[in-house]
There are 2 protein chains.
Amino acid sequence: MPDLSIDVVAKAAGVHRSTVSRAFSRPEAVKSETREHILRVAEGLGYTMSPLAQALRRKTSTIIPLIVPDITNPFFAELAKTMTQAADERGYQLMLCVTNGDPAKSDGYFTAMQAMYAPFGIVAPSTKVDTETLKRFAFGHKVVVIDRVEGDDSVPTVTVDSRKGIMLALDHLHSLGHTSIGYVSGIAGTHTAQDRMDAYLELTAQSGSTPVVLDSGSDLDAGTRGAEHFLQMDNPPTAIIAANDMVAFAVISALGRSGLRVPDDVSVIGFDGLALGARFNPPLTTVRQPIADMGHIAIELAEKQNVDSSVDHIVLEPELLLRGSTSGPRK
Amino acid sequence: MPDLSIDVVAKAAGVHRSTVSRAFSRPEAVKSETREHILRVAEGLGYTMSPLAQALRRKTSTIIPLIVPDITNPFFAELAKTMTQAADERGYQLMLCVTNGDPAKSDGYFTAMQAMYAPFGIVAPSTKVDTETLKRFAFGHKVVVIDRVEGDDSVPTVTVDSRKGIMLALDHLHSLGHTSIGYVSGIAGTHTAQDRMDAYLELTAQSGSTPVVLDSGSDLDAGTRGAEHFLQMDNPPTAIIAANDMVAFAVISALGRSGLRVPDDVSVIGFDGLALGARFNPPLTTVRQPIADMGHIAIELAEKQNVDSSVDHIVLEPELLLRGSTSGPRK
DNA sequence: TCGGTTGCTGAGATCGGTTGCAATAACACT
DNA sequence: AGTGTTATTGCAACCGATCTCAGCAACCGA
C-alpha cells in the first residue's frame with residue numbers, strides 16, 4: 001500500500017485535494033457527478049481518510065473514552081459492551097480505559113482524551129476520589145458520569161434509582177414472608193454503593209425492623225466476610241440483600257462452603273442484573289439495572305450537552321428479576 | 001487552556017520549535033541545560049505533546065488495539081485487564097475493540113488501527129472466520145494472535161497447551177477415582193476449543209475409556225444443553241470436563257436446577273482459571289491459563305517482531321487449580 | 001448585453017509536531 | 001593561527017487532512 005494520501009486520490013481523479021476532501025466530508029458541496037467519480041476512484045485505490053489528520057485539523061475526533069475502574073467486574077464489562085454498541089451506532093468509536101482504581105491513571109486518560117480531541121467522555125462509577133480528578137477536567141470538557149456526583153450539578157449523569165431498587169428487593173422478600181433481612185454492602189467509595197446502603201437502612205427502619213448490616217467493608221471480599229459474619233450470628237436473618245451481584249455471588253459461594261444452601265436455608269438477592277447471574281448456582285434473583293439503556297442515554301446526554309450545553313440528570317427505574325435465589329423463609 | 005501548541009512553549013522558552021520537540025522526544029540531542037529549562041517552562045504551562053500530531057508525522061503511534069469478540073466473557077475481561085497493564089508498562093495505551101463476533105467490525109478495527117499507525121495489534125481468540133480477515137491484514141502489519149492460527153505461520157501466536165491442560169484435568173479426575181468422564185465443548189469456531197476437544201477425544205481413547213461428548217454445540221448455551229443431555233442419560237458419567245469456565249458455570253447451574261449437587265453428585269472441572277471461579281458455588285476447580293503471562297508475552301512478541309521481524313509461537317503451560325467442584329465419584 | 005447571483009473548484013494557510021540539512025559555536029590538535 | 005571535528009540550535013519542508021477566500025463559468029432578469 002504505497003501510502004494513500006488525499007493527494008494521491010486527487011491526482012488520480014484529476015481534481016484538487018480540497019475537492020476530494022469535500023467529496024467525503026461535505027458531499028453536498030460537490031457536483032454529484034464529480035463526487036461520484038472521486039468516490040469511485042478512491043474506492044478503487046482502497047483509500048480511507050486518516051482519522052488522525054482529520055482530528056488534528058478539525059480539532060474534534062470520533063473516539064470517545066469510557067473510563068471504568070475494573071473491566072473484570074462484569075457490570076463494567078456489560079456496560080462496555082452496550083456502550084461500544086451505542087457508540088458506533090452513532091458513529092463514534094469507544095476507547096475503553098481501565099484505571100484499576102488508580103487516580104493517576106484516570107488523570108492520564110483525561111489528558112489523553114483531551115489531546116485526542118475526544119468530543120466527550122464517559123466515566124463509570126468512579127470512587128469519590130476520582131471525582132476530584134473529574135472536576136478538575138470536566139471543566140471545559142464534556143463528561144457524563146454513570147453514577148451520582150456529589151456537590152456538582154454541572155456534570156450530566158445517569159443512574160438508576162437506588163432507593164427504588166432496594167425497595168423492590170425488600171418488598172419481594174417481605175412478600176415471601178421474610179422479616180429479618182440482612183445487607184452486605186458493595187464496593188465502598190462509590191456513590192451508588194452509598195445510596196443503596198442508605199436506602200436499605202432507611203427503608204428497613206421505616207418498616208419497623210432492625211437493619212442488619214453484615215459487612216460494610218470496602219473491597220471485593222465484602223461478600224465473603226458478610227457470609228462469615230452471618231454464620232457467627234445467633235439469630236441470623238433469613239434473607240440477605242447484596243449491594244451488587246458480584247457480592248451476592250461471593251455470599252452464596254461462602255455460604256455454600258459452610259453447608260448452607262440458597263435459597264433453602266437463606267434467600268439472597270443481588271443488585272445489577274448481570275447476565276452472568278442466570279448461570280449462577282442457583283440462578284440469581286436480583287434487581288436489574290437497565291444497563292443497555294444507560295449506555296445509550298449516556299451518549300445522548302453527551303451529545304445533547306455538546307449542542308445545548310444542557311446538563312441533565314437521568315434516573316432510570318430498576319426492575320425485579322426473579323430467578324432462583326429467593327424463596328420463603330425456612331420454618 | 002488557550003490551545004497549547006509546541007510553538008507557544010518555544011516562544012515562552014525562547015527557543016525554536018524544533019528544539020522543544022527534541023527536548024521531549026530526543027533528550028540527548030539537546031544541551032541538558034536548555035532541555036531542563038524547556039521542560040520546566042512546559043511543565044509550568046501544563047503542556048503535553050499532541051499524540052495525534054506526533055503519530056501523523058512519525059507514522060507510528062503508541063496505541064495498540066486489542067481485538068476481542070466479547071468483553072462480557074470474563075476470560076477476555078481478564079485478558080484485557082492484564083494487557084492494559086502490560087501495555088502501559090511499556091508505554092503503550094491499549095485500545096480495546098469489541099467485535100461481538102461481527103467480522104465486519106474486526107475489519108473496521110483493522111483498517112482503523114492501520115490508519116492510526118498502531119505499531120501492532122493483538123487479536124484474541126478469533127473465530128476461524130475472523131482468521132480470514134486477519135490474514136488479509138496481517139500482511140504488512142504486525143499482529144499477534146492469542147490463539148492458534150491454522151495454516152499460517154507468519155503470525156506470531158501465544159497459546160496455552162490444550163492437550164496438557166486436558167491431560168491435567170483427566171489425570172486429576174482419574175486420581176479421584178472417576179472412570180467415566182464427559183465433556184462439554186466451548187465456543188465453536190475457535191481453534192482452542194477445537195484443540196481441547198480433540199485432546200479430550202484422543203486422550204480418553206488412549207486411556208481405553210469411551211469419550212462422552214455431552215454437547216459440541218456452538219454457542220454459550222453449550223453448558224445448559226450439556227447438562228440436559230447429561231440428565232437424560234441412562235448411565236451418565238461421574239465427572240464432566242467443561243471446555244471453559246463459563247461453560248462449567250452453566251453446567252453446574254443447570255445441574256443444580258435439576259437437583260444435582262456438585263461435587264457430591266457429579267464432579268465438574270473447568271478450563272481457564274477465572275478469578276470469578278473462586279466465588280462460584282461451589283468454587284470451581286479448573287485448569288488455569290496463565291492469562292497475565294499471555295498478555296505480557298503477546299506484547300513482547302509484537303515488539304520483537306517489530307525489530308527482528310521474527311515470528312515466534314509461544315506455548316504456555318497450564319496448571320491445575322484445585323478448588324471445590326471435584327471429589328471422588330458417588331458410590 | 002451587462003451587473004448580480006449561485007454553484008463548483010482551486011490555492012494556500014493551518015493544525016501540532018518531526019527531521020534532514022545548514023549554520024554557528026566551541027573545542028582539539030598540529 | 002589554521003583546520004578539522006563535534007555539539008547545539010535554527011530553518012523549512014512535510015505528515016494528511018480542513019477550510020476560508022478567490023476565481024470562474026453558467027444562469028437570471030432587465
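The sequence lines fix the lettering, A, B, ..., with proteins before strands; numbering per chain opens at 1.
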Can you tell me the base-pairing partner of D/dA30? Count Watson-Crick or G-U wobble geometry only, both distances below 3.5 Å, and say none if there is no partner. C/dT1

Does A/V20 reach a base, just sugar-phosphate, or nothing at all? Heavy atoms under 4.0 Å. nothing

CA sep, side-chain torsions, deciding dist, call: B/F24, B/L39, side chain to side chain contact (heavy atoms under 4.5 Å, CB included): CA-CA 8 Å; B/F24 278 93; B/L39 259 28; 4.0 Å; yes

C/dC15 P sits how many Å from B/I6 CD1, rounded? 13 Å

Verdict with supporting geometry, B/M95 and B/M113, side chain to side chain contact (heavy atoms under 4.5 Å, CB included): CA-CA 9 Å; B/M95 174 148 183; B/M113 85 173 244; over 6 Å; no

Once you round it to whole Å, what is the distance between P of C/dG16 and CG of A/L56? 7 Å

For B/E33 and D/dT8, what is the distance between atoms CD and C1' respectively, to the nearest whole Å? 12 Å

Euclidean distance, atom CE of residue A/M49 to atom C1' of D/dC19 [Å, nearest integer]: 13 Å

So do B/P69 and B/V98 actually touch side chain to side chain, heavy atoms under 4.5 Å? no

Could you work out which one of C/dT9, D/dT9, D/dA17 sits closest to the side chain of A/V30? C/dT9

A/T19 side chain: which of C/dT9, C/dG16, D/dG16 is closest? C/dT9

From D/dT18, D/dT9, D/dG10, pick the nucleotide closest to the side chain of A/R58? D/dT18

Give one of base, sugar-phosphate or nothing for A/Y117, where a contact means two heavy atoms less than 4.0 Å apart. sugar-phosphate

So which nucleotide from D/dT18, C/dT9, C/dT19 ends up closest to the side chain of A/R22? C/dT9

Between B/K59 and B/R35, the residue closer to the 5' end of DNA chain D by nearest nucleotide is B/R35

Report the nucleotide, chosen from D/dA17, D/dG10, C/dG16, that has the shortest atom-to-atom distance to any side-chain atom of B/S18. D/dG10

Using whole Å, report how far NZ of B/K11 lies from C1' of C/dG17. 15 Å

Nearest-Å distance, CE (B/M116) to P (D/dA17)? 14 Å

Whole-Å distance separating the CG atom of B/D7 from the C1' atom of D/dG10: 13 Å

Could you check whether B/F24 gets within reach of a base, just the sugar-phosphate, or nothing at all, counting any heavy atom under 4.0 Å? nothing

At 4.0 Å (heavy atoms only), tell me whether A/A55 reaches a base, stays on the sugar-phosphate, or touches nothing. nothing

Under 3.5 Å, is there an N or O donor on one side and an acceptor on the other linking the side chain of A/R57 and the base of C/dT14? yes

What nucleic acid atoms does B/S32 come within less than 4.0 Å of, heavy atoms only: base, sugar-phosphate, or nothing? nothing

Looking at B/T34, I'd like to know whether one of its side-chain N or O atoms comes within less than 4.0 Å of OP1 or OP2 on D/dT9. yes

Determine whether any donor atom in the side chain of B/R17 lies under 3.5 Å from an acceptor atom in the base of C/dG17, or the reverse, and answer yes or no. yes

Name the residue from A/L4, A/V41, A/V8 that meets the side-chain contact (heavy atoms from CB on, under 4.5 Å) definition with A/Y47. A/L4

